[in-house]
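Residue numbering restarts at 1 for every chain, and letters A, B, ... go by the order of the sequence lines.
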Amino acid sequence: MPNYWLMKSEPDMFSIYDLRKRPKQREHWDGVRNYQVRNMLRDDFRVGDQAFFYHSSCKEPGVAGIMKIVRAGYPDHSALNPEGEHYDPKHTLETPRWYMVDVEFERVFKRVVTLEEMKQCLELQDFAVVQRGSRLSILPVTAAQWKFILSLEDRRSREVLDGC
DNA sequence: GCCAACGTTGGC
DNA sequence: GCCAACGTTGGC
């Protein structure tokens with residue numbers, strides 16, 4: 001069984017539309033510098049997993065679409081570059097500290113499923129993204145949560161906010 | 001731009 | 001190993 005994930009990115013920096021424009025519609029998901037998230041990237045991501053592309057720190061935070069994992073965790077080479085903003089001198093080829101995966105664009109949602117809507121839904125109260133102070137940039141998603149969020153895509157947001 | 005939440009750092 | 005200070009995330 002594949003895993004499901006939610007991966008956050010600020011659309012001003014890198015959006016799902018940017019991913020769609022990349023060669024082969026693929027990109028490295030690099031720059032993660034949090035140990036909990038590092039462990040997920042290193043140990044739990046598998047080829048064939050799917051992930052929600054979540055737009056954060058923007059006008060309408062929420063799930064914008066879907067991507068798939070096309071390469072499992074491997075050392076994040078952005079940590080090797082002393083000129084780069086993600087440089088870490090403690091990360092080396094021999095003893096990597098930080099990991100990344102490769103993702104591939106799958107599709108853009110018909111509409112953004114917003115954080116505001118997700119907060120209204122009883123079905124998602126256990127989902128970390130709706131909880132205060134949850135700041136991890138990657139979160140695991142259960143099969144039930146995945147399915148439920150997909151069902152929200154096909155509803156009108158007003159209806160979800162009023163009646164979920 | 002504010003600030004709550006939480007992770008990291010470093011002095012002791 | 002404690003904990004205060006500081007930095008970052010990210011919604012609002």
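Scored by the ring pair (Phe, Tyr, Trp, His ring centres under 6.0 Å) test, Tyr4(A) finds Trp146(A) as partners (sequence neighbours excluded).
Through direct or relayed side-chain contacts under 4.5 Å between Ile, Leu, Val, Met, Phe, Trp and Tyr, Tyr35(A) connects to Trp98(A). Counting side-chain heavy-atom gaps under 4.5 Å among Ile, Leu, Val, Met, Phe, Trp and Tyr, the cluster of Leu80(A) also holds Leu93(A).
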Query raised in the report: How does protein contact run along nucleotides 3-12 of chain C, one letter per nucleotide 5' to 3', with B for base contact, S for sugar-phosphate only, - for none, heavy atoms under 4.0 Å?
Result: ----BBBBSS
Below 3.5 Å, can you tabulate the donor-acceptor pairs from side chains in residues 51-63 of chain A to any protein atom, sequence neighbours excluded?
from	atom 1	to	atom 2	distance (Å)
His55(A)	NE2	Ile16(A)	N	3.2

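Identified under the ring pair (Phe, Tyr, Trp, His ring centres under 6.0 Å) test for residues 111-130 of chain A, with sequence neighbours left out: none.
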